[in-house]
Amino acid sequence: MTTSSKPTSSQPWLHQKSAVIQEFGTVKQFPLGLSHDARMYSCQRLNKVLADTQILYGLYKKHHWLLRGATFYQLHLLLDKHAGEQLELVDTIAERVQTLGGVALGDSRHVAEITSIPRPPDGVEQVPAMLSRLLEAHETILVQAHDAASRTGELGDDGTNDLLVSQVIRTGELQAWFLAEHLVDTPLVRT
């Protein structure tokens, strides 16, 4: 048995620096049976959906915290539930980008540069405006996801197509339905 002559230490190696080993917007080769172009296209589209999904998650949390009024409790719980589901999508989308050999969008400053969802006011809006803002963000993502799903399907990327259809689109449609129903003005019926 040999022993190392180096002293051991539990001191962390702080202030580490590294060269970038894979640039954002590139894909490395993985044996996935998909062309470089198909994987590149999927990663670009997924990163766009990822940016908007991260912004939608943030909107859900913001509105969850800032709600006011008679429906506070019900909407507070609903928006938190939806935020959690969006956060799961963020992780799933990012992992798909990595699976394809790409680089997932991960820095909130980069997300802000790429998103197409408008920035909300810093202050508190009325509840209908908050819900409308969430619905518009959902629609932005859904339009992108439908288009990307169609194109990735044509390119043979069934995994990305499935993720977009079965998770991004279905979750977004269901959440939009729940939100929209809170904006319906139901008349009082007197008997």
Side-chain angles (χ1 to χ4, degrees), residues 22 24-25 27 30 32 34 38-67 71-120 127 130-153 155 157-183:
Q22 184 180 355
F24 181 80
V27 292
F30 278 155
L32 302 176
L34 291 170
R39 292 181 304 107
M40 179 67 86
Y41 179 83
S42 292
C43 287
Q44 289 169 347
R45 293 304 298 268
L46 286 168
N47 269 319
K48 180 74 171 105
V49 172
L50 178 59
D52 289 343
T53 302
Q54 289 183 57
I55 295 296
L56 179 58
Y57 165 75
L59 283 175
Y60 266 116
K61 290 307 284 187
K62 175 184 179 173
H63 297 332
H64 159 80
W65 296 319
L66 301 180
L67 281 167
T71 59
F72 168 81
Y73 185 71
Q74 298 89 333
L75 284 174
H76 183 76
L77 295 177
L78 178 68
L79 298 189
D80 199 38
K81 176 182 181 292
H82 283 194
E85 293 166 353
Q86 289 299 318
L87 189 56
E88 286 180 28
L89 284 176
V90 165
D91 195 51
T92 301
I93 296 165
E95 287 176 352
R96 180 65 187 167
V97 172
Q98 294 300 126
T99 299
L100 292 169
V103 177
L105 181 68
D107 185 307
S108 57
R109 294 164 295 191
H110 196 182
V111 168
E113 294 171 1
I114 292 176
T115 189
S116 53
I117 296 174
R119 182 179 174 164
V127 172
M130 290 181 186
L131 298 181
S132 291
R133 185 176 301 287
L134 290 168
L135 283 168
E136 290 165 9
H138 272 294
E139 188 170 31
T140 297
I141 293 169
L142 288 167
V143 166
Q144 285 181 51
H146 281 289
D147 182 63
S150 175
R151 183 73 178 121
T152 57
L155 292 171
D157 185 354
D158 298 324
T160 298
N161 173 276
D162 178 59
L163 181 148
L164 290 166
V165 173
S166 68
Q167 295 182 49
V168 175
I169 292 172
R170 289 196 179 133
T171 299
E173 288 174 344
L174 186 64
Q175 289 182 350
W177 170 48
F178 273 75
L179 293 174
E181 291 300 331
H182 280 275
L183 293 172

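Just so it is clear, the model here is predicted, and its values are computed rather than measured.
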Taking all non-hydrogen atoms of both residues, which atom of Leu100 and which atom of Arg39 are closest, and how far apart?
O-NH1, 2.7 Å
Using a 3.5 Å cut-off and no angle test, enumerate the donor-acceptor pairs between side-chain atoms of residues 163-171 and protein atoms at least two apart in sequence or in another chain.
| from | atom 1 | to | atom 2 | distance (Å) |
| --- | --- | --- | --- | --- |
| Ser166 | OG | Asp162 | O | 2.6 |
| Ser166 | OG | Asp162 | OD1 | 3.4 |
| Thr171 | OG1 | Gln167 | O | 2.7 |

Rounded to the nearest 0.5 Å, how far does CG of Leu183 lie from CG of Leu131?
5.0 Å
Would you call Glu85 and Lys81 a salt bridge, taking side-chain N to carboxylate O under 4.0 Å as the test?
yes
Atom CD1 in Ile93, atom SG in Cys43: separation rounded to 0.5 Å?
12.5 Å
OG1-CG distance between Thr53 and Leu89, expressed to the nearest 0.5 angstrom:
6.0 Å
Could you tell me whether the side chain of Asp147 reaches within less than 4.5 Å of the side chain of Arg45, counting heavy atoms only?
yes
Please name all residues satisfying ring pair (Phe, Tyr, Trp, His ring centres under 6.0 Å) with Phe24, sequence neighbours left out, ordered by chain then number.
His110
CD of Gln144 to CG of Asp52: how many Å apart, nearest 0.5 Å?
4.5 Å
Partners meeting salt bridge (charged side-chain N to carboxylate O under 4.0 Å, His left out) with Lys62 (sequence neighbours left out)
none
To check you understand the geometry: which heavy-atom pair defines the closest contact between Thr99 and Phe30, and what is its length?
O-CD1, 3.2 Å
Could you report the tightest heavy-atom contact between Ile114 and Lys48, atom names first, then the distance?
O-NZ, 3.1 Å
Measuring from atom CG of Leu78 to atom OH of Tyr73, what distance do you get when rounded to the nearest 0.5 angstrom?
12.5 Å
Would Lys61 and Asp80 satisfy side-chain contact (heavy atoms from CB on, under 4.5 Å), going step by step from the backbone distance to the final call?
CA-CA 7 Å; Lys61 290 307 284 187; Asp80 199 38; 2.6 Å; yes
Which heavy-atom pair separates Ala51 from Val111 by the least distance, and what is that distance?
O-CG1, 3.5 Å
Run the side-chain contact (heavy atoms from CB on, under 4.5 Å) test against Arg133 and tell me which residues pass, sequence neighbours left out.
Leu59, His63, Pro120, Pro121, Glu125
Donor-acceptor contacts, no H, no angles, side chain residues 134-143, under 3.5 Å, sequence neighbours left out:
| from | atom 1 | to | atom 2 | distance (Å) |
| --- | --- | --- | --- | --- |
| His138 | NE2 | Tyr60 | OH | 2.7 |
| His138 | NE2 | Gln175 | OE1 | 3.3 |
| Thr140 | OG1 | Glu136 | O | 3.1 |

Would you check, one step at a time, whether the test side-chain contact (heavy atoms from CB on, under 4.5 Å) holds for Leu105 with Leu46?
CA-CA 9 Å; Leu105 181 68; Leu46 286 168; over 6 Å; no
I need the Arg151 CZ to Asn161 CG distance, nearest 0.5 Å.
12.5 Å
If we only count heavy atoms from C-beta on, is the Asn47 to Val103 side-chain gap below 4.5 Å?
no
For Val90 and Leu50, which heavy atoms make the closest approach, and how far apart are they?
O-CD1, 3.4 Å
Which residues pass the ring pair (Phe, Tyr, Trp, His ring centres under 6.0 Å) test with Phe72, sequence neighbours left out?
His76
Between Leu66 and Met130, what is the shortest heavy-atom contact and its length?
O-CE, 3.7 Å
